[in-house]
Amino acid sequence: MFFQTLGGIMSEYPFAEVEKKVQEKWENKNVFAMSQNPRNKYYVLEMFAYPSGDLHVGHLRNYVIVDLLARYYSQRGFDVLHPVGWDAFGLPAEEAAIKNKIHPRKWTEANIEKSRKTLKSIGIGYDWETEILTCDPEYYKWTQWIFLKLLEKGLAYQDTSLVNWCIKCQTVLANEQVENGKCWRCGSEVTKRELKQWFFRITQYAQDLLDDLEKLKEGWPEPVITAQKNWIGRSEGAEIDFSVMGKDAKLTVFTTRPDTLWGVTFAAIAPEHRLIGEIISDSDRKKEVEEYIKKSVMKTEIQRLSTVEEKTGVYSGVDLKHPLTGENVPLYICDYVLSSYGTGTVMGVPAHDARDFDFAKKYGLKMKEVIKPRQNTDNKESLEEAFTDYGILTNSGEFSGMNSEEAIPMIIEFLKKEKIGRGKVNFKLHDWLVSRQRYWGAPIPVVHCPSCGVVPVPEKDLPVILPDNVEDYMPKGKSVLAAVDSYINVSCPECGGPALRDPDTLDTFVDSSWYQLRYPDAKNSEKLIDSAKAESWLPIDKYIGGIEHATGHLIYFRFITKFLHRLGVIPCGEPAQRLFNQGMVCGSDGSVMSKSKGNGVEAGEFVGNYGADVCRVTTLFLAPPGRDAIWSEQGVAGAKRFLDRVWRLGEKYTAGVSNGKAGESDEKKLRRTMNLTIKKVTEDIENWGFNTAIASMMEFVNELVPFEDSSSYIFREAYETLLLLLAPFAPHIAEYLWEKAGKNEFVLKSGWPQYDPETVISESEEIGVQVNGKLRAVLRLPFDVTEDEAFSQAAESQNVKQYIEGREIKKRIFVPHRMISFVVKA
RNA sequence: GCCGGGAUGGCGAAAUCGGUAUACGCAGCGGACUUAAAAUCCGCCGGUUUAAACCUUGUGGGUUCGAUUCCCACUCCCGGCACCA
């Protein structure tokens with residue numbers, strides 16, 4: 001019996017027994033199962049997690065927040081979908097395999113089991129029937145299917161590209177695995193290597209991805225929208241052709257400032273540019289150029305990170321011809337020019353571009369001023385810095401005297417007519433490199449046949465199963481799978497002749513780019529998702545995760561959603577209606593909590609010591625969910641005391657004793673507090689103010705504790721209301737006490753209290769009185785006090801009197817329920 | 001360099017259509033209960049001060065009867081992007 005107060009000892013919330021019991025009850029009755037035909041759906045999801053093993057309290061925050069919402073919306077009568085899954089492919093499993101000789105699958109499954117246990121111990125209400133694992137063939141079958149569809153539509157292609165290569169590890173590294181130009185694992189220098197890779201043509205969706213950000217403005221945080229906008233990086237300008245002197249060749253540049261075309265004094269080309277070899281073939285500076293290229297390509301990574309100041313380059317020995325003036329334009333090879341953006345070649349306008357200015361100054365190149373500032377045209381003899389704003393064109397032939405804004409479209413039109421240029425829109429966004437020379441990922445469903453070329457695996461043969469019989473996971477310069485004969489050798493689906501499977505696997509961002517579509521129909525073996533299910537559950541209503549995914553996952557996620565939408569698989573073009581960025585939890589050292597830093601507090605251990613509900617309340621009370629927070633055990637005591645008091649209220653309720661009659665005014669006050677608390681908690685949940693919601697429940701409890709008559713109707717009503725409000729925050733204790741209170745239905749299905757606006761009005765309230773902006777008194781006045789009455793009462797108040805007496809009152813201000821203010825002449 | 005977020009008691013934080021700054025909690029102090037301690041309950045708790053008064057939301061200005069809230073300038077901290085022509 002939990003409800004006996006033994007020998008005067010104040011009882012505490014016996015979390016171990018209660019939480020176990022409640023969790024069993026939830027599980028037996030399958031309370032979190034998704035509805036098969038939702039009328040009023042609500043889909044909440046936290047961002048996909050990598051199963052790293054032990055969850056720490058930092059991870060917990062996210063789960064607890066989303067669970068709170070799921071439970072809240074359930075109580076509000078929505079059909080909630082709150083699923084869980086695991087982003088189970090990826091490098092760490094492989095690293096563990098190499099290090100500890102354990103199969104990546106085993107390692108991954110063991111970790112997932114561990115995390116599952118922790119999540120269950122916190123009482124997160126998932127429908128475990130819908131759980132997905134990206135390393136499950138039934139899941140990656142559809143990852144592969146999406147790949148085939150992209151291939152079919154020309155949105156997946158192979159191309160050679162320079163990739164990060166660690167010589168020591170003999171492997172390709174993703175950008176985020178390169179830290180300051182060094183390999184994240186072995187610390188040795190990373191070089192570039194040209195390899196054939198698979199890409200998704202996300203750039204084809206760039207404009208769409210950009211345009212639809214408009215639709216997300218209401219539901220997504222502004223910083224994410226901005227980050228995506230910058231990442232997509234649309235810029236309008238023109239491509240202009242420059243012919244190569246003495247050769248039948250031309251180079252095209254991209255510029256956003258065609259109005260500065262007359263100011264071109266040199267041109268610069270990226271060292272990696274594909275045409276360099278051809279252009280310098282008979283230059284007398286061939287040797288220097290080749291040396292420079294070799295040097296800059298090798299050290300690209302380090303340079304990118306360290307140099308912003310120094311620009312280097314080498315004269316190619318070749319000149320271009322200015323398309324308008326016919327003048328010689330020397331061509332330089334410069335590593336400040338990016339090969340991956342625009343055309344890999346730029347026109348140099350030192351007078352009007354800061355970078356070109358630096359370069360020209362260093363190499364003593366000419367500067368030609370062709371844009372004048374609109375205001376103060378004090379002619380300086382030599383330029384001290386580039387003038388990069390729009391202005392008035394000068395020395396620009398027939399366009400001289402025009403404003404940049406009007407000249408730009410006219411110049412583009414002119415270039416088009418002369419067939420030496422055209423308008424052009426460029427994006428910073430690059431095509432998405434999706435192949436990895438790695439084992440632990442979804443196999444790329446493609447066969448390479450010597451006679452038929454690249455042949456997609458027929459849909460009926462999906463999934464292409466990742467083989468388990470691998471002995472050595474150490475990459476040897478190519479994918480591990482290339483060495484698995486039984487896997488790699490296959491007959492061509494077209495001609496039946498001997499062929500090879502693609503040895504690469506897909507980037508894990510591909511796995512996580514569509515997972516939200518799978519939950520509503522996780523077991524469907526015929527389709528990615530049944531269209532009726534898609535119709536009734538998609539899109540996500542609330543999506544919660546860290547801002548660090550703003551330009552990675554969230555772009556891929558939107559892209560694949562859009563693609564599948566166009567394909568007719570799903571009804572929506574955006575994956576998530578609302579996005580919320582929860583803040584990070586930092587360890588006591590102030591840095592982000594993580595296993596590798598050793599500053600994590602293990603979740604399982606914490607729950608074992610204090611219980612799930614204390615853990616939840618502590619986490620939620622720590623700070624508002626959007627803000628970064630430093631973990632501290634200090635809050636635990638408060639959370640524990642709070643729940644212990646609730647527990648004792650339960651005893652008081654059960655006992656139903658009347659220690660003297662509560663006065664009418666006390667009852668009225670309690671009714672008022674109850675209604676105010678309902679209002680506050682409801683609004684706070686809607687506005688992500690979980691910490692203040694808890695604060696107001698604490699105030700409510702503080703009033704209930706000393707309330708005399710626990711057999712009174714109002715006490716019983718208030719207590720029951722408290723349990724309903726508390727349930728999303730501390731579901732175990734709420735559920736248990738709800739049952740003890742004689743309720744038959746789960747608290748989760750027992751509705752959400754409504755507040756009565758009438759009762760929150762109190763008879764009187766305290767109003768501050770200011771004189772010349774300084775607070776001089778606080779008066780208790782009737783709620784419906786008239787303005788005149790308020791002024792006269794205020795003026796009579798002792799302390800106010802001394803400040804206004806004998807002085808001319810210039811102004812009186814009355815703000816109902818808040819403030820009375822007098823302005824007097826000094 | 002550019003973009004974004006932040007700065008309020010000893011600590012986590014609350015209050016922004018401008019209206020009694022510091023709710024709630026932690027820590028601390030005092031008291032009740034107890035042989036005692038813990039737990040629990042009650043009270044105090046920004047600073048100078050007997051009170052009155054004055055000062056106080058990173059800094060300096062401004063608007064206003066009144067500014068944590070709005071405007072301008074700046075400092076520091078955190079995060080992201082980083083030669084995108």
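What you see is a predicted model, and the numbers here were worked out from it, not measured in a lab. Atom set for the values below is all heavy atoms of this structure, side chains included, hydrogens, waters and symmetry mates excluded. Lettering of chains follows the sequences in order, A, B, ..., and the numbering in each one begins at 1.
- When heavy atoms are screened at a 4.0 angstrom cut-off, Arg812(A) is found touching no nucleic acid atom at all.
- Using a 4.0 Å heavy-atom distance criterion, Glu12(A) is classed as making no nucleic acid contact.
- Considering only side-chain atoms of Arg641(A), the nucleotide from A27(B), C3(B), G12(B) that sits closest is A27(B).
- Checked by atom type, the side-chain pair Asn702(A)/Arg645(A) shows a donor-acceptor distance below 3.5 Å.
- Taking a pair to require two hydrogen-bonding distances under 3.5 Å in either a Watson-Crick or a G-U wobble arrangement, G1(B) pairs with C81(B).
- Val636(A) comes within 4.0 angstrom of nothing in the nucleic acid, heavy atoms only.
- Between Tyr363(A) and Phe266(A), the ring center distance fails the sub-6.0 Å criterion.
- Using modelled atom types, one finds no donor on one side chain facing an acceptor on the other under 3.5 Å when comparing Gln770(A) with Arg776(A).
- Pairing partner, G12(B): C24(B), with both Watson-Crick or wobble hydrogen-bond distances short of 3.5 Å.
- Rounded to a whole angstrom, the distance from the C1' atom of U69(B) to that of G62(B) is 15 Å.
- By the 30° and 60° cut-offs, the orientation of the rings of Phe729(A) relative to Phe690(A) is perpendicular.
- Residue contacts shown for Pro624(A) are limited to sugar-phosphate atoms, with no base heavy atom under 4.0 Å away.
- Among the heavy atoms of the strands lying under 4.0 Å from Leu622(A) are primed sugar atoms or P, OP1, OP2 only; no base atom is included.
- Not less than 6.0 angstrom separates the ring centroid of Phe557(A) from the ring centroid of Phe509(A).
- A salt bridge links Asp241(A) with Arg422(A): at least one charged nitrogen is closer than 4.0 Å to a carboxylate oxygen.
- Close to A85(B), at under 4.0 Å from its OP1 or OP2, lies a side-chain N or O of Tyr341(A).
- Between the C1' atom of C24(B) and the CZ atom of Phe621(A) lies a distance of 5 Å, rounded to the nearest Å.
- Phe606(A) and Trp631(A) have perpendicular rings, their planes meeting at more than 60° on a 0 to 90° scale where under 30° would count as parallel.
- One P atom belongs to A7(B), the other to C70(B), and the distance between them is 12 Å to the nearest Å.
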Identify all pairs in which a protein N or O lies below 3.5 Å from an N or O of nucleotides 75-81 of chain B, and state each distance.
none

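- Classified by its glycosidic torsion, G9(B) falls in the syn category, the angle being within 90° of 0.
- Atom C1' of G12(B) sits at a distance of 14 Å from the matching atom of A23(B), rounded to the whole Å.
- Around the CD atom of Gln798(A), the shell of radius 6.0 Å holds no more than 12 heavy atoms that belong to other residues, nucleotides or ligands.
- Between A27(B) and G18(B), the two C1' atoms lie 34 Å apart (nearest whole Å).
- Base pairing annotation: U64(B) forms no Watson-Crick or G-U wobble pair, as no partner gives both donor-acceptor distances under 3.5 Å.
- Residue Ser632(A) is out of contact with every strand shown, counting any heavy-atom pair closer than 4.0 Å.
- Nucleotide A85(B) holds its C1' atom 10 Å from the CG atom of Asn426(A), rounded to whole Å.
- The separation between Leu649(A) atom CG and C41(B) atom P is 10 Å, rounded to whole Å.
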Could you go over nucleotides 52-58 of chain B and give all protein N or O partners under 3.5 Å, atom names and distances?
unit_1: A53(B); atom_1: OP1; unit_2: Asn799(A); atom_2: ND2; d: 3.3
unit_1: C54(B); atom_1: OP1; unit_2: Arg776(A); atom_2: NH2; d: 3.2
unit_1: C54(B); atom_1: OP2; unit_2: Arg776(A); atom_2: NH1; d: 3.2
unit_1: C55(B); atom_1: OP2; unit_2: Lys774(A); atom_2: NZ; d: 3.0

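- Within the 4.0 Å cut-off from OP1 or OP2 of G66(B), not a single side-chain nitrogen or oxygen of Arg818(A) is found.
- Remark: Lys311(A) qualifies as a cation-pi partner of Tyr336(A) under the 6.0 Å distance and 45° angle criteria applied to the six-membered ring.
- Comparing the same atom, C1', in A37(B) and in G46(B) gives a spacing of 33 Å after rounding to whole Å.
- Taking atom NZ of Lys229(A) as the reference point, atom C1' of C2(B) lies 16 Å away to the nearest angstrom.
- Remark: the Thr551(A) side chain and the Tyr556(A) side chain contain no N/O donor-acceptor pair separated by less than 3.5 Å.
- One C1' atom belongs to U8(B), the other to U57(B), and the distance between them is 4 Å to the nearest Å.
- Nearer the 5' end of RNA chain B, as judged by each residue's closest nucleotide, is the contact made by Gly773(A), out of Arg257(A) and Gly773(A).
- Distances shorter than 4.0 Å separate some side-chain N or O of Arg627(A) from OP1 or OP2 on A14(B).
- Atom-to-atom, NZ of Lys640(A) to C1' of U40(B) comes out at 12 Å; the value is rounded to the nearest Å.
- Cation-pi contact between Arg812(A) and Phe822(A): absent, since separation from the ring centre below 6.0 Å together with deviation from the ring axis within 45° is not met.
- Side-chain atoms of Ala637(A) lie closest to C26(B) of the nucleotides C42(B), C26(B), G19(B).
- Under the 3.5 Å distance criterion, with hydrogens and angles disregarded, no donor-acceptor pair is assigned to the side chains of Glu686(A) and Thr682(A).
- A donor-acceptor contact closer than 3.5 angstrom is absent between the side chains of Thr252(A) and Glu239(A).
- Nearest-nucleotide mapping onto RNA chain B: of Glu222(A) and Val778(A), the residue sitting toward the 5' end is Glu222(A).
- Atom CD in Gln634(A) sits roughly 10 Å away from atom P in C26(B) (whole-Å rounding).
- Residue side chain Lys311(A) reaches the base of C83(B) through a donor-acceptor N/O pair under 3.5 Å, judged by distance alone.
- Comparing C11(B), G19(B), C65(B) by their closest approach to the side chain of Lys811(A) singles out C65(B).
- Tyr292(A) and Thr312(A) form a side-chain donor-acceptor contact under 3.5 Å, judged by distance and modelled atom types alone.
- U75(B) and A7(B) make up a base pair, with Watson-Crick or G-U wobble contacts both under 3.5 Å.
- Distance Phe690(A) CZ to A23(B) P: 23 Å, rounded to the nearest Å.
- Shown for residues 691-703 of chain A: residues whose heavy atoms fall under 4.0 angstrom of RNA chain B, namely Asn691(A), Thr692(A), Ala695(A), Met698(A), Glu699(A), Asn702(A).
- Taking atom C1' in both A21(B) and U68(B), one finds a spacing of 7 Å when rounded to whole Å.
- Atom CG of Asp684(A) and atom C1' of U16(B) are 15 Å apart (whole Å).
- Between A15(B) and C24(B), the distance separating the two C1' atoms is 12 Å to the nearest Å.
- Under the Watson-Crick or G-U wobble criterion, with both distances below 3.5 Å, C54(B) is paired with G47(B).
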* Glu651(A)/Ser11(A) under side-chain hydrogen bond (donor to acceptor under 3.5 Å, both in side chains): CA gap, chis, key distance, verdict -> CA-CA 9 Å; Glu651(A) 295 173 327; Ser11(A) 56; 2.5 Å; yes

